[in-house]
Amino acid sequence: MKELSSLQIERLKYQPKLPASLAGGINNLTMTEGNKTESVKDAEQIKELFKNTYGKPIVTFNTSTNTEASGKRNIGVILSGGQAPGGHNVIAGLYDALKQANPENKLYGFLGGPSGIIDGNYIEFTDEKINSYRNTGGFDIIGSGRTKLETEEQFQKSLKVCKDLGISGVVIIGGDDSNTNAAMLAEWFVKNNADIQVIGCPKTIDGDLKNDQIEISFGFDTATKTYAELVGNILRDANSAKKYWHFIKLMGRSATHVGLEVALQTQPNITLISEEVEAKKLSLNSIVNYMADIVAKRAEMGKNFGIALIPEGLIEFIPEIKAMISNLNDTLAELENDASYKNADENTKFDIIKNKLNSEDSKVFTSLPVMIKQQLLMDRDPHGNVQVSKIETEKLLIEMVNTKLNEMKKEGKYNGKFSTQCHFFGYEGRCAFPSNFDADYCYSLGYNAFALIKFGLTGYLSSVKNLSLPASQWVAGGVPLTMMMNMEKRHGAFKPVIKKALVELDGPVFKKLEQNREIWAYQDKYLFPGSIQYFGPSSVCDLTTETLKLENASKLAAV
Ligand code: FBP
C-alpha cells in the first residue's frame with residue numbers, strides 16, 4: 001500500500017460536479033447540431049488538407065428521458081504535452097462514462113504521450129487504478145510526451161495497435177499542438193476507413209487554447225492560483241524586508257494569459273505583457289528603460305524594492321528579436337543535417353549563425369549575452385517551438401536594467417540601490433492538486449468526450465461552456481477541431497495548426513491591468529491570495545479566475 005498524505009486521502013473522496021445536461025447519465029442524452037463551421041483562417045487550405053473532417057457542426061448535449069443502451073466499446077486515451085492540473089480527472093470522467101454506458105467497455109491508457117500509441121505501450125485501466133488517482137495533480141497515471149503525430153508510418157503503426165486492442169475511439173488530452181495531432185489522426189482514420197474516432201480535450205496551463213467555443217483550457221485555473229500564491233508570498237517578503245527587487249518569470253510559452261491573471265490576483269509593481277510589446281513594437285531597450293524608470297522613481301520614494309512579472313515568451317515578441325528568431329529557425333532547420341555545424345565548438349557555431357543571418361538579424365544575435373545565444377540555439381521541441389522555458393529572460397532584464405541604472409546614476413538621475421532576486425515559476429504549478437474548478441471541469445470534459453464518441457463523432461474537441469456559472473449550469477458539447485485551425489510556419493514550412501489565443505489588448509482583462517498599473521507601480525496595493533482552498537465556503541473554494549469572470553461578464557454585456 002502506498003503511503004498517502006492527509007490531503008491526498010481527502011481529495012480522493014471528492015466527487016466532481018457535472019453539468020446538469022450530463023448528470024442524467026451517459027445513456028440518457030440527446031445531441032443537437034448547430035450550423036456547419038469554417039476554419040478561423042486559411043479555409044481553402046485547411047479544407048483541402050482535411051477533406052473528410054472539415055466543416056462539421058458544433059454540437060451540444062442535453063438530458064433525455066429515453067434510455068439508449070450502448071454496445072461494447074474499447075477506447076484509448078493519451079496525455080500529451082506539458083502537464084496541467086486535472087489530467088487525471090479527465091481520464092476518471094472518461095472511465096466513469098464508459099463504464100456507465102456499458103460495464104464491459106474497456107479503457108486503455110497509452111504510455112508516455114503520443115509515442116505510446118505508435119509503439120503499442122499501454123495499460124488497461126481498472127477501478128483500483130482510477131480510484132487511486134481521482135482529483136490528483138500530475139500526469140503520472142500514464143505519463144506524457146511531445147511526439148508529433150504526423151507521418152504515414154506513425155499513423156499506420158497507431159492503426160495496427162488500435163486494431164489489435166479492438167479500440168474504436170481515441171481521446172487525446174493536449175494543447176494546441178497535441179490537438180492538431182488529434183485532427184490529423186482523425187482525418188487519416190476516416191480517409192483510410194479505419195472506423196476509429198478521435199476526440200481532443202483542451203489542456204494547457206498557458207490558457208492559450210481558447211476561442212468563442214472553448215472558454216479556457218484546463219489547468220490554467222489551478223496553475224495561476226498556485227503562482228499567485230507564490231507571488232503573493234514574495235510580495236509580502238519584499239514589503240517586509242524592503243531590500244530586493246524580485247524579477248519573476250512566469251510560464252506561458254507564447255501568450256501572457258498566466259502573467260495577466262497572476263497580476264490581477266496580486267497587483268505587483270511591474271507586469272510585462274508580450275502581446276503589448278509586439279503591438280507597440282517596443283524594443284528591448286525601451287522595455288529596459290520602462291522598468292528602470294519605475295525602479296528609479298520608487299527609489300526616490302525611498303522604496304528600493306518591488307516585484308516585476310515577466311512572461312516566459314517575452315523574447316519572441318520583441319520585434320527585433322522575433323524577426324531574428326524567425327530567420328534563426330530557418331537557418332537552424334537548414335543546418336539540421338550539417339555535420340560541420342553540429343560538430344563545431346560553441347564560438348564557431350555562433351560565427352556560422354552570424355554569417356548566415358542577414359545583417360540586421362546578425363547584429364541583434366551578436367548583441368545578446370552568450371547565455372541567451374546558447375539558449376536560443378538549443379533544439380526546438382518536436383513541434384518546432386523555441387524552448388522558452390530554458391531562456392533566462394529574467395536574468396537578461398536584470399543585467400540590462402542594472403546597466404541602465406548605472407548610466408542614470410552617472411547622470412545624477414538615480415540614487416538608489418538595485419539589489420535583485422530572480423525566480424521562474426512554471427513547474428511549481430503544473431502538477432498541483434487541481435482546484436475544485438479544474439477537478440469539476442476536467443471530469444466533465446472527460447465524461448463529455450465519451451458522449452461525443454457515443455454519438456459517432458470524430459475530429460472534435462470536447463467542450464464545456466458557461467464556466468463562470470455554477471457547474472450545474474455548464475453547457476456540454478463538441479467543437480470541430482478544423483474550426484480552430486490556420487496555417488503557420490513550423491520547422492521552415494507551412495503546416496496546419498490550431499490557432500493560439502493571445503491576450504487581446506482591447507479585451508476586459510488587459511484593460512483592467514492597463515487602468516491600474518500606474519497606481520500599482522508606486523502605491524503598493526499588493527494582494528495576498530493565499531493557497532488554493534478545497535474545503536469550506538463556496539465563495540473561497542469554487543472561485544473562478546479573474547480572466548474568466550471578466551471575459552464572460554463582457555460577453556454578457558455585449559449581448
Ligand atoms: P503545453 O502547451 O504542452 O501545455 O505546455 C506548456 C508549457 O508548460 C509551457 O508553459 C512551457 O513553455 C512548456 O510547457 C515547457 O515544456 P517542457 O515541459 O517540455 O519543459
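Counting starts at 1 for both ligands and their atoms, following the listed order. Below, each value reflects all heavy atoms present in this structure, side chains not excepted, and no hydrogens, waters or symmetry copies.
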Give me the ring orientation class for F437 and Y441: parallel if the planes are under 30° apart, tilted from 30 to 60°, perpendicular past 60°.
tilted

Does a donor on one side chain and an acceptor on the other come within less than 3.5 Å for Q374 and E346?
-> yes

Salt bridge (Lys or Arg N to Asp or Glu O under 4.0 Å) filter on K495, not counting sequence neighbours, yields E150

* Looking only at N/O atoms, are D176 and ligand 1 under 3.5 Å apart anywhere? -> no

task = Examine G82 against ligand 1 and note whether any of their N/O atoms are separated by less than 3.5 Å.
result = yes

Across all chains, not counting sequence neighbours, the ring pair (Phe, Tyr, Trp, His ring centres under 6.0 Å) partners of F155 are W188

Close approach, G252 and ligand 1, non-hydrogen under 4.0 angstrom:
yes

In terms of its nearest heavy atom to atom 11 (C) of ligand 1, the top option of Q83, E312, K390 is E312

If you scan protein heavy atoms around atom 7 (C) of ligand 1, the nearest is R430 NH1, 3.7 Å

Here the atoms of ligand 1 under 4.0 Å from any heavy atom belonging to K203 are 1 (P), 3 (O), 4 (O)

Checking heavy atoms under 4.0 Å, the part of Y427 that sits near ligand 1 is side chain

Checking heavy atoms under 4.0 Å, the part of D206 that sits near ligand 1 is side chain

Parallel, tilted or perpendicular: rings of F425 and H423 (30°, 60°):
tilted

Among R146, R253, K500, closest by heavy atom to atom 16 (O) of ligand 1 is R146

For residues Y534 and N135, is any side-chain donor paired with an opposing acceptor at under 3.5 Å?
no

for atom 4 (O) of ligand 1, nearest protein heavy atom and its distance come out as T204 OG1, 2.9 Å

Do Y14 and D440 pair up side chain to side chain, a donor and an acceptor below 3.5 Å, judged on atom types alone?
yes

The single option from I307, I270, I310, L309 that satisfies side chain to side chain contact (heavy atoms under 4.5 Å, CB included) with F247 is I310

Ligand 1 to G81, heavy atom cutoff 4.0 Å, flagged ligand atoms 3 (O)

